[in-house]
Amino acid sequence: MKTNQTFKPLLRLWHWLTVFSIFGLLFTVLLRKTFLSKSANAAIIQDKLSAMSIHIDTEQALSIAKAIRAPMWEWHYIFAVILGIAILVRVIAMIKGDAKMPIFKLIESQSLEERLKNSVHLLLCLSILLIAISGAFYYYHDTLGFAKESVKWVKEFHEFLLYPIVLFVTMHIVGVIKHELTTKECIVSKMIHGDE
Ligand code: HEM
Ligand code: HEM
């Protein structure tokens, strides 16, 4: 498969802003589910305090654990803003003709390999768009006039999208590495500094 397409500056800016924000977002989720897990840390807090003969109930321990986690989780929203900027850059790039709509790239695919690559790109873009919309909607549900209970499914959908994102990002990176190792096209350098 020959990659003779050009990576215009706006497309490259969009790509690396997206990579930076998605990895940042995934890292905040990883911390939330491991070192800064509220239930695990609440149990440690309760345990350590009880060894000092200070007894607190689970609710109190959870509120301390959540307070410790809060500054880290702020970064979920900071990276979300960067992702929002990246999406805007992509829209501008598409309007200017510096990038194509992923669906058109798929339709125009010439070979099976290209079709596979462009399908992963499309699914990746789609899941990123959906996770951004669901996240932003859940974040602003109060402002938009929705009760927390009525938008619980949005949060569940948002959380579920973690799996397709991890899957498609992995498939994409494996595909890029394979392309890099089996051809002399240097697509990673092209994605960094363009085609000049
Ligand atoms: C969060 C991680 C990533 C996401 C969401 C992502 C997303 C994408 C998308 C959607 C495209 C298609 C762009 C287009 O419309 O033309 C693309 C292309 C590309 N990406 Fe990534 N990417 C990620 C990580 C990486 C990494 C880590 C590398 C380098 C090791 C990389 C290298 C490339 C290259 C070289 C292309 C051009 C592929 C081609 O058209 O043949 N990407 N990326
Ligand atoms: C790659 C992108 C993203 C991933 C993988 C991701 C993943 C997650 C996961 C797994 C959770 C649930 C955490 C838990 O309860 O254990 C979550 C919560 C949340 N995310 Fe994202 N997210 C992403 C992007 C975004 C974006 C763009 C926004 C936009 C503001 C956002 C807003 C939120 C909100 C508001 C919550 C609920 C937090 C809470 O209940 O305290 N996320 N996210």
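Ligands are counted one by one from 1 in listed order, and the atoms in each one are counted from 1 as well. In this chain, numbering begins with 1 at the start of the sequence shown.
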>> To check your reading of the model: name the closest protein heavy atom to atom 32 (C) of ligand 2, its residue, and the distance in Å.
In response: Gly135 CA, 3.6 Å
Polar proximity ligand 1 side, [X] side, N/O cut 3.5 Å exclusive:
{"X": "His121", "value": "no"}
{"X": "His172", "value": "yes"}
{"X": "Lys100", "value": "no"}
{"X": "Arg90", "value": "yes"}

Within a distance under 4.0 Å of any heavy atom of [X], pick out the atoms of ligand 2 and give their elements.
{"X": "Ala136", "result": "29 (C), 30 (C)"}
{"X": "Leu26", "result": "5 (C)"}
{"X": "Ala80", "result": "26 (C), 27 (C), 28 (C), 29 (C), 30 (C)"}
{"X": "Leu162", "result": "5 (C)"}
{"X": "Ile22", "result": "1 (C)"}
{"X": "Tyr138", "result": "35 (C), 37 (C)"}

> Can you tell me if Cys125 has a non-hydrogen atom under 4.0 Å from ligand 1?
Replying inline: yes
>> For ligand 2, which is the ligand I care about here, please tell me if Lys33 has any N or O atom under 3.5 Å from one of the ligand's N or O atoms.
In response: yes
